[in-house]
Peer 1: 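Take this structure, written in structure tokens, and hold onto it; I'll ask about it next.
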Amino acid sequence: MIDIQPNFAAVKQGLIPLTQMEKAKLEKDGLDVIHDIYRYAKTGFDSIEADDFDRMKWYGVYRQKPKESGFFMMRTKIPGGQATAQQARMLHSITDRYAHGFCDITTRQTIQFHWLRIEDVPQIFSELASVGMTTSGACGDDTRNVVGCPVSGIDPDEIIDATPQLLEVSHAMTDNREFSNLPRKYKISVSGCCIHCAQPDINCTGVFGLKRIVDGREERGFGIKIGGGLSSAPKLAQTLQCVITPEQVWPVVKAVSEIFRDHGYRHQRQKARFKFLVADWGHERVLAEVEALLGYKLEPHTDFPEIRDQEADHLGIHKQKQGDLYWVGICFPGGRIRNGMLGKVADLAEKYCAPGLDGIRNTNKQNLLIVNVPEKNLDALKAELDAAGLDYNPNNFRKGCVSCTGIEFCNLAVAETKNRMLELIEQLETQSGWYKDKIRVHFSGCPSSCGQHQIADIGFRGAKTKVAGEMVDAFDAFIGGRLGHNRRFNELLKGKILAKDVHVFIDKLLHVYDAGKQPGETFADYTDRVPKEEILKALEWK
């Protein structure tokens, strides 16, 4: 065991200064607020104690903008984004009865509600539990929804079906008081996908599929990355130089999680994410500590092939590896679901999926899939999707957009994102319809990066600027982000573009790229080759 005084032990012994949040967590574990939530449901919003507002995040419940409004947002947990038609129907029912008729798909493959009252929260918990769902750990200094490939188990090209490992990790970390007081939020991905679409590069802990040849025979298992994350100090994950078997996934993830819990930087909240500890320790030191906790050595491995393109939207109609079954990916720009469409999708899944295999998958691109559809049912399903206005063959602008919640509901955001993105898509379809290639446009309302703007081809971060003496919404524009091969975060091209001019900026930028690209050159590769100053000059944007 590495001889380091555990930071968590130092906190509990009062050996280091405590932040207000660390004091609150020591006074009462976040999971214990469940009793208070039920009490507050009877006594009302005005009776809620200040520290309990923060603790309620452990159950996915947090104040909606403005904080004094009396309304809450709520995130659910849907491990790997995998839900049944029955669960989707319950999510729709809650949306319809408590959340003003709309909900959002998040970049962690789950569902977020708005406009909830504290009086209704216990009933919502009960209804979710009736279909095997929870919100425990959906927020707070706990393990967030464990994400994976949305076509895990059905993708013909996957390295290994990681669904069992994902569910094992999710189950073990949920409602687990060993890990309910972490230094900050903790994000895990577990996937056997061949293109790493679950984004292990930007998760705190990312388990990924690994295929190799040993003594002339093919073996399939997993690798693991640690210390990725976005927000105002983004960092790309480091790969532990080892291979792990399916049976070792949970023990290794548990050991990594113990390192974060015990050694994470609790004395300074803005540097408490796991990525800061990993950056300081390095992957070699973390691996040594993992092996010490396990009590055995992991098999060394250093050959990790680069993934050319991690970005897959999974939209459209695709053949599964099971017989004549297909999945159908449906686009919900920016993740917003309105007009009872979640209930409609649940009905369609129940009607057209193979018997006993009705399934719906949320994606980290804020779309959803209906899976396990027999080929004979495809035409009828497509006809009903068309009649309902559900788009399974979206254009490049619709399929490439991602957006955070924005200033409409979030207390951290400084600009409107969700509705601006929906408007932007229509503007680009009209103005920039000439452009047909792949392009990824992400919106974040603030530096917290919930819209993952740093990994987009074109990423926008909310800002403010003054026009005629009044403060108005604006965005800082970044270009050239990507994961996989030559992974990197995008770079600032232009600051404080007026929100109303974003579509004009994008159109000009696409024209510059189209005129200057080399044969077969992607937008990200173009931004690698051409200096930002040259691109900005060609834009003629002041």
Peer 1: Could you tell me whether the side chain of D473 and the main chain of E416 form a donor-acceptor pair under 3.5 Å?
Peer 2: yes
Peer 1: More than 12 foreign heavy atoms under 6.0 Å from CD of E306: is that the case here?
Peer 2: yes
Peer 1: Evaluate the criterion side-chain contact (heavy atoms from CB on, under 4.5 Å) for residue pair R273 and F260; output intermediate values, then yes/no.
Peer 2: CA-CA 8 Å; R273 289 287 301 275; F260 177 42; 5.7 Å; no
Peer 1: Working to the nearest 0.5 angstrom, can you tell me the gap between K275 NZ and K187 NZ?
Peer 2: 9.0 Å
Peer 1: I want to know whether Y265 and F276 have ring centres closer than 6.0 Å.
Peer 2: no
Peer 1: Quick one: CG on L182 to CZ on R144, what's the gap to the nearest 0.5 Å?
Peer 2: 10.5 Å
Peer 1: Can you tell me if Q109 uses its side chain to pair, donor with acceptor, with the backbone of N362 under 3.5 Å?
Peer 2: yes
Peer 1: Nearest heavy-atom pair of V147 and A198: which atoms, and what distance?
Peer 2: CG2-O, 4.1 Å
Peer 1: Evaluate the side-chain proximity of I439 to F523: yes if any heavy-atom separation is below 4.5 Å, no if none is.
Peer 2: yes
Peer 1: Run the side chain to side chain donor-acceptor pair (under 3.5 Å) test on S403 and K418 for me, step by step, so that the C-alpha distance in whole Å, both residues' side-chain angles and the decisive distance to 0.1 Å come before the verdict.
Peer 2: CA-CA 6 Å; S403 174; K418 191 79 70 176; 4.6 Å; no
Peer 1: Can you tell me which residue among T465, L498, T417 is in a side-chain contact (heavy atoms from CB on, under 4.5 Å) with F475?
Peer 2: T417
Peer 1: Between the side chain of T106 and the main-chain N/O of R108, is any donor-acceptor distance below 3.5 Å?
Peer 2: yes
Peer 1: D514 vs W434, test: side-chain contact (heavy atoms from CB on, under 4.5 Å). Steps then yes/no.
Peer 2: CA-CA 11 Å; D514 191 62; W434 60 270; 3.9 Å; yes
Peer 1: Before you tell me yes or no, could you show the steps for E258 and K254 under salt bridge (Lys or Arg N to Asp or Glu O under 4.0 Å), namely the whole-Å CA-CA distance, both residues' side-chain angles and the distance that decides it to 0.1 Å?
Peer 2: CA-CA 6 Å; E258 288 172 344; K254 181 175 185 288; 2.7 Å; yes
Peer 1: How about D141 and N181: does a side-chain donor come under 3.5 Å of a side-chain acceptor?
Peer 2: no
Peer 1: F208 vs H196 aromatic rings, parallel, tilted or perpendicular, using cut-offs 30° and 60°?
Peer 2: tilted
Peer 1: Are the side chains of W115 and F102 in contact, using a 4.5 Å heavy-atom criterion?
Peer 2: yes
Peer 1: If you compare all heavy atoms of C446 against all heavy atoms of A413, which two are closest, and at what distance to 0.1 Å?
Peer 2: CB-CA, 4.1 Å
Peer 1: Do the side chain of N395 and the main chain of F397 share a donor and acceptor less than 3.5 angstrom apart?
Peer 2: yes
Peer 1: Which pair of non-hydrogen atoms, one from A272 and one from P183, has the smallest distance, and what is that distance?
Peer 2: O-CB, 3.5 Å
Peer 1: Quick one: do K65 and E408 make a salt bridge, cutoff under 4.0 Å?
Peer 2: no
Peer 1: Can you find a pair of side-chain heavy atoms, one from I159 and one from C193, that are under 4.5 Å apart?
Peer 2: no
Peer 1: Work out which heavy atom in L368 is nearest to a heavy atom in I105; give both atom names and the distance.
Peer 2: CD2-CD1, 4.2 Å
Peer 1: Does either side chain, that of T110 or that of N145, offer a donor lying less than 3.5 Å from an acceptor on the other one?
Peer 2: no
Peer 1: Is there a donor in the side chain of D142 and an acceptor in the side chain of S180, or the other way round, less than 3.5 Å apart?
Peer 2: no
Peer 1: Is W327 reaching over with its side chain to a backbone N or O of I360, donor-acceptor style, under 3.5 angstrom?
Peer 2: no
Peer 1: Does R488 use its side chain to pair, donor to acceptor, with the backbone of G480 at less than 3.5 Å?
Peer 2: yes
Peer 1: So do the side chains of I455 and Q199 get within less than 4.5 Å of each other, counting heavy atoms only?
Peer 2: yes
Peer 1: Could you go through the side chain to side chain donor-acceptor pair (under 3.5 Å) check for Q238 and H283 one step at a time?
Peer 2: CA-CA 6 Å; Q238 300 181 37; H283 62 87; 4.6 Å; no
Peer 1: Determine, step by step, whether T107 and N364 satisfy the side chain to side chain donor-acceptor pair (under 3.5 Å) criterion, reporting the C-alpha distance in whole Å, the side-chain angles of both residues, the deciding distance to 0.1 Å, and the verdict.
Peer 2: CA-CA 4 Å; T107 54; N364 61 17; over 6 Å; no
Peer 1: Would you please indicate yes or no on a ring centroid separation below 6.0 angstrom for F460 and H442?
Peer 2: no
Peer 1: Please examine the side chains of C401 and R440, heavy atoms only from C-beta on, and report whether any two atoms are closer than 4.5 Å.
Peer 2: no
Peer 1: When rounded to the nearest 0.5 angstrom, what is the spacing between CE in M73 and SG in C103?
Peer 2: 14.0 Å
Peer 1: Could you tell me whether E423 and K500 make a salt bridge, using a distance below 4.0 angstrom between a side-chain N and a carboxylate O?
Peer 2: no
Peer 1: Side-chain contact, heavy-atom cut-off 4.5 Å: P300 with Q241?
Peer 2: no
Peer 1: For the side-chain hydrogen bond (donor to acceptor under 3.5 Å, both in side chains) test, which of R336, Q112, Q366 pairs with D104?
Peer 2: R336
Peer 1: Between C242 and I224, what is the shortest heavy-atom contact and its length?
Peer 2: SG-CG2, 4.5 Å
Peer 1: Using only atom types and a distance under 3.5 Å, with no angle test, would you say the side chain of S170 pairs donor to acceptor with the backbone of L166?
Peer 2: no
Peer 1: Could you pull out the closest heavy-atom pair between R269 and R184, with the gap in Å?
Peer 2: O-NH1, 2.8 Å
Peer 1: Determine whether the side chains of R398 and N367 contain a donor N or O and an acceptor N or O closer than 3.5 Å.
Peer 2: no
Peer 1: What I want to find out is whether K25 reaches E22 closely enough, with some N-O distance under 4.0 Å, to be called a salt bridge.
Peer 2: yes
Peer 1: Counting only N and O atoms by type, is there a donor-acceptor contact under 3.5 Å from the side chain of S449 to the main-chain atoms of Q452?
Peer 2: no
Peer 1: Is it the case that the side chain of R420 and the backbone of F443 share a donor-acceptor pair, with hydrogens and angles ignored and the cut-off at 3.5 Å?
Peer 2: no
Peer 1: Determine, stepwise, if the pair R482 / D528 fulfils salt bridge (Lys or Arg N to Asp or Glu O under 4.0 Å).
Peer 2: CA-CA 11 Å; R482 95 291 299 271; D528 276 349; 3.0 Å; yes
Peer 1: Got Q454 and P234 here, is their nearest side-chain heavy-atom distance under 4.5 Å?
Peer 2: yes
Peer 1: After noting the C-alpha distance and the side-chain angles of M341 and L390, does the key distance pass the side-chain contact (heavy atoms from CB on, under 4.5 Å) rule?
Peer 2: CA-CA 8 Å; M341 287 304 167; L390 291 167; 3.9 Å; yes
Peer 1: Using the rule given for salt bridge (Lys or Arg N to Asp or Glu O under 4.0 Å), can you reason through D201 versus K225, listing the C-alpha separation, both sets of side-chain angles and the distance that settles it, and then say yes or no?
Peer 2: CA-CA 7 Å; D201 285 312; K225 294 174 181 278; 3.3 Å; yes
Peer 1: Begin with the C-alpha distance, continue with both residues' side-chain angles, and end with the deciding distance and a verdict on side chain to side chain donor-acceptor pair (under 3.5 Å) for Y513 and T527.
Peer 2: CA-CA 9 Å; Y513 160 58; T527 62; over 6 Å; no
Peer 1: Would you check if I259 and L277 make a side-chain contact, meaning some heavy-atom pair closer than 4.5 Å?
Peer 2: yes
Peer 1: Return yes when atom NZ of K67 has more than 12 non-hydrogen atoms of other residues, nucleotides or ligands closer than 6.0 Å, and no otherwise.
Peer 2: no
Peer 1: Do D476 and R461 pass the salt bridge (Lys or Arg N to Asp or Glu O under 4.0 Å) test, and can you show the C-alpha distance, the side-chain angles, and the key distance before you say yes or no?
Peer 2: CA-CA 5 Å; D476 300 327; R461 182 184 65 194; 2.9 Å; yes
Peer 1: Under a 3.5 Å threshold, yes or no: a donor from one side chain and an acceptor from the other, between T135 and T76?
Peer 2: no
Peer 1: Is a side-chain N or O of K271 found less than 3.5 angstrom from the main chain of R266, in a donor-acceptor match?
Peer 2: no
Peer 1: side-chain contact (heavy atoms from CB on, under 4.5 Å) between H263 and F274: does it pass, once the steps are laid out?
Peer 2: CA-CA 9 Å; H263 300 278; F274 189 38; over 6 Å; no
